[in-house]
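Encoded as structure tokens, the structure appears first; notes follow it.
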Amino acid sequence: MKEGFLIGGGIIIAGLMLELCVGPVVWDAFRWPVNGIVLAGFLAFIAIIFLLSKRIYGFQFIGTHKAAIPALVYAVLLTIIMGLTRQTMDGMWLNNMLSFWPFVLIYVYIAVILGQIILRRIVNYQFSIVNLKKDFPFLLNHLGLFIAMTTATLGNADMQRLKMITVKGEPEWRALTSQQHIVEMPFAIELKEFIMETYDDGLPRRFASDIIITHNSPFTSHHSPFNFHLSPFTFKTTVEVNKPVEVDGWKIYQYGYDTQMGAMSRYSILELVSDPWLPLVYTGIYMMLAGALLMMLRAIPWRQSVQQARKHPKTVFLLCAVIAACFFCVHHFMPILHSDKLVPALQSPWFKPHIIAYMLAYTLMASAALIAIFLLVKEKTFNCQLSIVRSAQWDACSEGLKNSQLDNLVFVGISLITIGMLFGALWAKEAWGHYWSWDPKETWAAITWLAYLVYVHYRQIPTHKPKLALWVLLISFVLLQMCWWGINYLPAAQGSSVHVYSMP
């Protein structure tokens with residue numbers, strides 16, 4: 001483990017030197033075909049490390065838990081810095097972590113470790129039903145994460161996000177980049193009517209734009225390259241929050257309007273997004289979803305639960321009571337669930353699955369935290385040594401709760417966190433045009449997820465220290481609180497997070 005922390009520290013120092021010598025990472029330089037070449041070279045680099053791992057100790061070490069855990073710890077610490085500081089595109093060092101070399105290199109290092117672990121598991125796989133049940137969820141999770149990480153990072157340079165201001169009755173084919181550069185689109189958009197519906201107290205319930213989209217065609221007028229009367233490529237549609245319109249590889253999103261005029265707004269701001277790497281990113285996301293679901297089903301101790309209920313009914317009843325109490329608290333302290341005046345961004349079919357997954361995850365993680373506190377406080381009383389055997393073989397201590405229940409709760413909980421987080425990514429793509437933008441809420445969701453991964457991987461080491469594992473679990477739960485409700489009070493999130501809602 002010390003070697004792992006030394007390697008991670010060396011990577012951070014190397015990143016700092018690069019930051020001083022060449023400045024921040026310039027992601028625009030990775031546009032196609034550069035990102036394709038870099039991806040091919042990165043895959044070749046991982047394959048070479050794997051082929052030489054039997055001869056070189058350092059390469060063999062990269063594919064172990066003792067390399068992965070320190071890398072995850074460094075990723076958590078750097079991402080916490082990102083979550084506590086206001087991030088800007090033109091910021092320097094800690095205020096623009098996405099271009100900060102230490103941050104980028106640590107995540108690249110994690111991707112290298114992922115690649116080594118995946119190759120090692122595939123090459124050493126021996127077919128059997130038992131191995132299939134164990135390895136298939138593992139490969140779906142790890143390979144899906146690897147695909148999503150690499151393609152989303154390298155493909156981001158090819159993503160285009162433009163703003164178009166459409167005025168009622170006037171066709172518009174020009175859009176603006178974030179640097180206010182004008183881009184002429186292959187189609188024009190005319191705003192026919194801006195629609196806004198409100199609740200009784202005046203809060204917006206729905207806003208949308210009735211538009212006419214016209215493709216460029218030979219049938220053009222002398223006044224503009226588009227003619228709404230002669231072109232056979234004209235169609236009417238409505239774009240609103242959570243319901244984008246797709247045309248020619250572009251997705252059109254309802255972005256804004258004249259807030260002073262409200263329903264009388266004469267213009268509508270649309271966001272146009274092109275993301276050619278999206279199918280690859282979605283492949284990774286759906287693989288992770290499938291892997292998380294299988295891992296959750298595998299982590300639930302179906303037979304053991306029945307056996308424990310018969311042997312220790314009081315213990316099982318106490319555990320169920322703790323979970324029920326935690327669920328009640330989570331449900332009670334999420335006012336968004338009880339509101340009948342949801343803002344347009346929350347009116348999505350992804351809303352309930354996303355919230356339900358996180359509610360269940362928070363409940364299980366809260367229960368696990370209470371059990372961890374109980375074990376730490378009562379350790380001498382019970383004198384119960386925590387087993388180093390894998391969770392499927394753990395049993396309950398004769399005088400109290402042991403880590404079989406605790407780890408099962410955590411494994412199911414982190415599966416639900418993964419599912420909820422990925423549901424949120426799919427929802428964000430439909431609502432705002434990007435599945436992951438490192439919004440403060442997303443940043444703290446990543447911190448929480450990585451922190452629990454530290455616990456899961458640390459428990460796999462035979463020589464792990466039980467007390468330290470419990471403390472890692474409690475620290476992870478504290479970080480989860482920031483993701484859940486603390487983000488609403490974080491100065492770095494005020495005015496910059498689309499996840500901070502003002503609920504009535």
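For the single chain, residues carry numbers from 1 onward in sequence order. Side chains included, hydrogens not; waters and symmetry mates left out as well; all remaining heavy atoms used.
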How long is the span from the [atom1] atom in [X] to the [atom2] atom in [Y], to the nearest 0.5 Å?
X    : Y    : atom1 : atom2 : value
L468 : I475 : CG    : CD1   : 8.0 Å
L406 : L364 : CG    : CG    : 11.5 Å
S415 : L289 : OG    : CG    : 11.0 Å
S437 : N156 : OG    : CG    : 10.0 Å
L77  : I12  : CG    : CD1   : 7.5 Å
L376 : L470 : CG    : CG    : 4.5 Å

Heavy-atom side-chain proximity of [X] to [Y] below 4.5 angstrom:
X    : Y    : value
F136 : R298 : no
Y253 : K429 : yes
I7   : Y109 : yes
I69  : I461 : yes
V76  : I80  : yes
L346 : V343 : yes
M159 : S274 : no
Y435 : L278 : yes

For [X] and [Y], work out which heavy atoms get closest and say how close.
X    : Y    : answer
T448 : C483 : OG1-CB, 3.6 Å
L450 : A75  : CD1-CB, 4.2 Å
M288 : G144 : CG-C, 3.6 Å
I419 : A357 : CG2-CB, 4.3 Å
L294 : P137 : CB-CG, 3.8 Å
R161 : W432 : NH2-O, 2.8 Å

Apply salt bridge (Lys or Arg N to Asp or Glu O under 4.0 Å) to [X] and list each qualifying residue two or more places apart in sequence or on a separate chain.
X    : value
K251 : E430
R120 : none
K163 : E271

(message) Show, in sequence, the C-alpha distance, side-chain angles and deciding distance for F30 and T153, and conclude whether the side chain to side chain contact (heavy atoms under 4.5 Å, CB included) test is met.
(response) CA-CA 10 Å; F30 288 86; T153 301; over 6 Å; no
(request) Please collect all side chain to side chain donor-acceptor pair (under 3.5 Å) contacts where either partner lies in residues 276-291, sequence neighbours excluded, each pair once. (result) D158-W277
Sequence neighbours left out, what passes ring pair (Phe, Tyr, Trp, His ring centres under 6.0 Å) with [X]? Give chain and number order.
X    : answer
H434 : none
W32  : none
F477 : none
Y255 : none

(request) Please find out if less than 6.0 Å separates the ring center of H142 from that of F146. (result) no
(message) Using the side chain to side chain donor-acceptor pair (under 3.5 Å) criterion, which residues pair with T418? Sequence neighbours excluded.
(response) W449
(request) Kindly write out the residues that satisfy side chain to side chain donor-acceptor pair (under 3.5 Å) with W350, not counting sequence neighbours, or none if the list is empty. (result) none
For residues 50-57, run the donor-acceptor check on the side chains, cut-off 3.5 Å, and write out each pair with its distance to 0.1 Å, sequence neighbours left out.
from	atom 1	to	atom 2	distance (Å)
S53	OG	F50	O	2.6
Y57	OH	E3	OE1	2.9

(request) Give the intermediate values and the outcome of side chain to side chain contact (heavy atoms under 4.5 Å, CB included) for residues W484 and W444. (result) CA-CA 9 Å; W484 177 13; W444 282 97; over 6 Å; no
(request) Under the side chain to side chain contact (heavy atoms under 4.5 Å, CB included) rule, what do L143 and F138 come out as? Steps first, then yes or no, please. (result) CA-CA 8 Å; L143 185 57; F138 174 92; over 6 Å; no
(request) If the plane angle is over 60° it's perpendicular, under 30° parallel, otherwise tilted; pick one for Y358 and Y362. (result) tilted
(request) Give the ring-plane orientation class for H464 versus Y458, where under 30° counts as parallel, over 60° as perpendicular and anything between as tilted. (result) perpendicular
Keeping the roles fixed (side chain from [X], backbone from [Y]), state whether a donor-acceptor pair exists under 3.5 Å.
X    : Y    : value
T150 : I147 : yes
T443 : W438 : yes
W427 : A345 : yes

(request) Test side chain to side chain contact (heavy atoms under 4.5 Å, CB included) on I414 and M365 and set out the steps. (result) CA-CA 8 Å; I414 196 170; M365 293 312 191; 4.1 Å; yes
Contacts under 3.5 angstrom, residues 94-106 side chains, donor-acceptor by atom type, not counting sequence neighbours:
from	atom 1	to	atom 2	distance (Å)
N95	ND2	R86	O	3.0
N96	ND2	M89	O	3.1
S99	OG	V25	O	3.4
W101	NE1	G23	O	2.8

